[in-house]
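Notes to accompany the following structure.
Atoms considered below: every heavy atom in the structure, side chains included; atoms not considered: hydrogens, waters and symmetry mates. By convention in this document, chain letters (A, B, ...) are assigned in the order of the sequence lines, proteins followed by strands, and residues within each chain are numbered from 1.
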2 protein chains.
Amino acid sequence: MSLTPHPIDRRQNAAQQIHRQLRDWIITGQLKTGAILSEPRLADLFGISRTPIREAMKKLEEESLLDIFPQVGSMVAPIEIDIVRDSQFIRETLEVRTIELATENVTSSNIATLRGIIERQRVLVEAKDPHGFFVADDELHDTFMRIAGRPSVWSLLTTTNAHLNRVRYLSLEDLSWLRMVFEEHCDIVEAVAAHDVDRATHSMRDHLRSVLAAVERVAIAYPEYFKQENETAKSLS
Amino acid sequence: MSLTPHPIDRRQNAAQQIHRQLRDWIITGQLKTGAILSEPRLADLFGISRTPIREAMKKLEEESLLDIFPQVGSMVAPIEIDIVRDSQFIRETLEVRTIELATENVTSSNIATLRGIIERQRVLVEAKDPHGFFVADDELHDTFMRIAGRPSVWSLLTTTNAHLNRVRYLSLEDLSWLRMVFEEHCDIVEAVAAHDVDRATHSMRDHLRSVLAAVERVAIAYPEYFKQENETAKSLS
DNA sequence: AAAAGGATACTTGTATACTACCATGTCTCT
DNA sequence: AGAGACATGGTAGTATACAAGTATCCTTTT
């Protein structure tokens with residue numbers, strides 16, 4: 001797989017560091033659907049024993065980022081459109097409700113923070129940096145949750161909506177799409193700043209629906225990442 | 001701790017069986033807040049090695065049912081009211097939206113299923129069986145999610161809202177409360193059967209809010225389960 | 001008597017050995 | 001030539017050994 005692993009800090013929990021690294025590799029596509037992960041090989045790669053590797057892989061399986069077939073092998077799971085749709089439903093439901101609360105609670109200091117993020121995103125869009133934008137996108141939504149007084153909701157969504165996040169990451173590779181997403185962010189922030197609950201919730205819903213619309217496009221542009229219905233079982237050799 | 005473990009089926013994944021058993025013990029209060037779990041002791045109890053025990057405990061920690069202090073020990077986590085409130089927010093948001101969909105989609109065969117569950121609950125209430133009712137309660141909400149076409153939402157809530165579920169279980173010990181919860185279930189089902197979206201969503205919201213109201217009562221009736229603010233760190237011996 | 005210090009027994013984290021099982025390729029028999 | 005038995009290498013699941021850290025208690029010292 002020839003990836004360069006971040007060195008392990010032996011003073012901290014190794015399994016956690018491995019897990020973060022592997023999850024990043026999968027979501028950013030450095031580990032693609034179908035890639036084979038073997039406990040002993042990863043142990044060699046990271047220069048560590050199988051046990052922490054195993055714990056990390058178990059976590060990935062729970063996030064359904066990895067399929068573990070006992071006695072056979074493990075491979076990066078295909079993106080399943082059905083799971084993406086369910087994730088989208090959960091995200092939309094929670095986030096529309098949250099933006100409502102955020103708009104009611106927002107302070108002028110909050111607004112300054114939001115506009116600061118927007119300005120950073122503007123720079124990233126002009127620099128054509130999808131990866132940086134992806135991170136700043138997460139930060140924006142996280143900030144909304146914090147303003148609403150529900151910071152735990154975002155952490156729930158990040159751990160639970162991994163499939164959706166893979167699609168989001170892929171979709172941002174398209175620069176015109178990136179610009180559109182950015183415009184939508186501006187809309188939402190301005191609606192929140194204006195204390196306009198209706199406009200904020202509608203903008204947010206439209207925004208999230210457009211993310212969902214990206215699924216179809218991404219599934220065609222990157223078919224190798226997705227589960228193909230009548231595909232024969234992949235060989236693991 | 002003197003609990004009688006369910007025997008392990010060696011043909012299936014041991015860690016998973018252990019995890020289910022331990023989670024049940026915690027949610028049903030057979031393992032109380034502060035109870036000490038040690039990997040080697042549990043390994044002896046189940047007649048199995050530390051590795052699967054360890055995996056199960058890791059999962060419990062992710063559900064924040066267990067606090068693991070490296071090199072020190074592990075104990076059943078106290079119920080944190082803040083976490084319960086956040087869980088409640090997530091549950092209410094998702095479930096009110098879901099009951100809306102369920103009411104729109106419901107078929108007459110669905111209605112028969114729902115009324116069947118209600119009748120079983122009626123028997124359990126009369127038999128004063130809080131544990132049986134708890135299981136049937138879960139089943140009812142799960143059924144709503146399935147009717148709405150979002151079965152994955154319920155599995156998300158069960159894994160993610162463990163703290164809330166501990167409170168729910170404790171609250172049902174009060175028989176008059178049990179009866180009230182049952183009445184609310186009847187209301188919701190009849191509203192769904194009448195295809196009355198407004199009444200269904202309002203009944204569901206009221207129902208879930210009353211669960212939240214139980215928190216205060218339960219926190220007073222069972223203070224030993226909850227995190228006390230100015231409590232000194234518990235001894236692990 | 002009180003406080004400082006260290007031995008001890010416990011904990012979880014990590015490493016490694018062993019087991020049961022599966023996929024694959026080869027070799028033999030029909 | 002084709003089909004089936006079988007050896008082989010690889011996998012995750014489990015068991016156990018080792019390491020590093022911490023709380024406790026007892027000893028020693030002041």
Between B:Phe134 and B:Tyr169, what is the ring plane arrangement, given parallel below 30°, perpendicular above 60°, and tilted in between?
perpendicular
Starting from P on C:dA15, measure out to CZ on A:Phe46 and report it in whole angstrom.
13 Å
Only distances under 3.5 Å count here; give the side-chain donor-acceptor pairs of residues 50-61 of chain A to other protein atoms, sequence neighbours excluded, each with its distance to 0.1 Å.
| unit_1 | atom_1 | unit_2 | atom_2 | d |
| --- | --- | --- | --- | --- |
| A:Arg50 | NE | A:Glu39 | OE1 | 2.9 |
| A:Arg50 | NH2 | A:Glu39 | OE1 | 2.7 |
| A:Arg54 | NE | B:Glu55 | OE2 | 2.8 |
| A:Arg54 | NH1 | A:Glu39 | OE2 | 3.1 |
| A:Arg54 | NH2 | B:Glu55 | OE2 | 3.0 |
| A:Glu55 | OE2 | B:Arg54 | NE | 2.9 |
| A:Glu55 | OE2 | B:Arg54 | NH2 | 3.1 |

B:Leu37 atom CG is separated from C:dC10 atom P, nearest whole Å, by 17 Å
I'd like to know if the side chain of A:Gln21 pairs up with that of A:Asp24 as donor and acceptor (distance under 3.5 Å, no hydrogens or angles considered).
no
Remember a base hit wins even if backbone is also touched, and classify B:Ala14 as base, sugar-phosphate or nothing at under 4.0 Å, heavy atoms.
sugar-phosphate
Are the side chain of B:Asn161 and the backbone N or O of B:Ser87 linked by a donor-acceptor pair below 3.5 Å?
yes
Would you please indicate if the ring centroids of A:Phe226 and A:His163 are separated by under 6.0 Å?
no
What is the distance, rounded to the nearest whole Å, between atom CD1 of B:Ile53 and atom C1' of D:dG13?
14 Å
Report all interatomic pairs (protein N or O, nucleotide N or O of nucleotides 16-19 of chain D) with separations under 3.5 Å.
none

Roughly how many Å is it from CG in B:Asp67 to P in C:dT11, rounded to a whole number?
17 Å
Here the distance between atom C1' of D:dT14 and atom NE2 of B:His19, to the nearest Å, is 19 Å
Geometric class of the A:His185/A:His141 ring pair [parallel <30°, tilted 30-60°, perpendicular >60°]:
perpendicular
Can you check the B:Glu39 CD to D:dT14 P distance for me, whole Å?
15 Å
Give me the distances for all protein-to-nucleotides 5-8 of chain C N/O pairs that come in under 3.5 Å?
none

Here the distance between atom C1' of D:dA15 and atom CD of B:Glu55, to the nearest Å, is 13 Å
Are A:Arg217 and A:Trp177 in a cation-pi setup, meaning NZ or CZ lies under 6.0 angstrom from the ring centre and within 45 degrees of the ring axis?
yes
A:Arg41 CZ to D:dT11 P: how many Å, rounded?
7 Å
Just compare D:dA12, C:dG13, C:dT12 and give me whichever is closest to any side-chain atom of A:Ile68.
D:dA12
Between B:Arg54 and C:dG13, does any side-chain N or O lie under 4.0 Å from OP1 or OP2?
yes
With respect to the phosphate group of C:dT11, does any side-chain polar atom (N or O) of B:Ser74 fall under 4.0 Å of OP1 or OP2?
no
Which one of B:Lys227, B:Glu224, B:Arg166 satisfies the side-chain hydrogen bond (donor to acceptor under 3.5 Å, both in side chains) criterion with B:Thr33?
B:Arg166
Starting the side chain at C-beta, find the nucleotide from D:dT11, C:dT12, D:dG13 nearest to A:Lys58.
D:dG13
Side-chain (A:Glu95) to main-chain (A:Met204) donor-acceptor, under 3.5 angstrom:
no
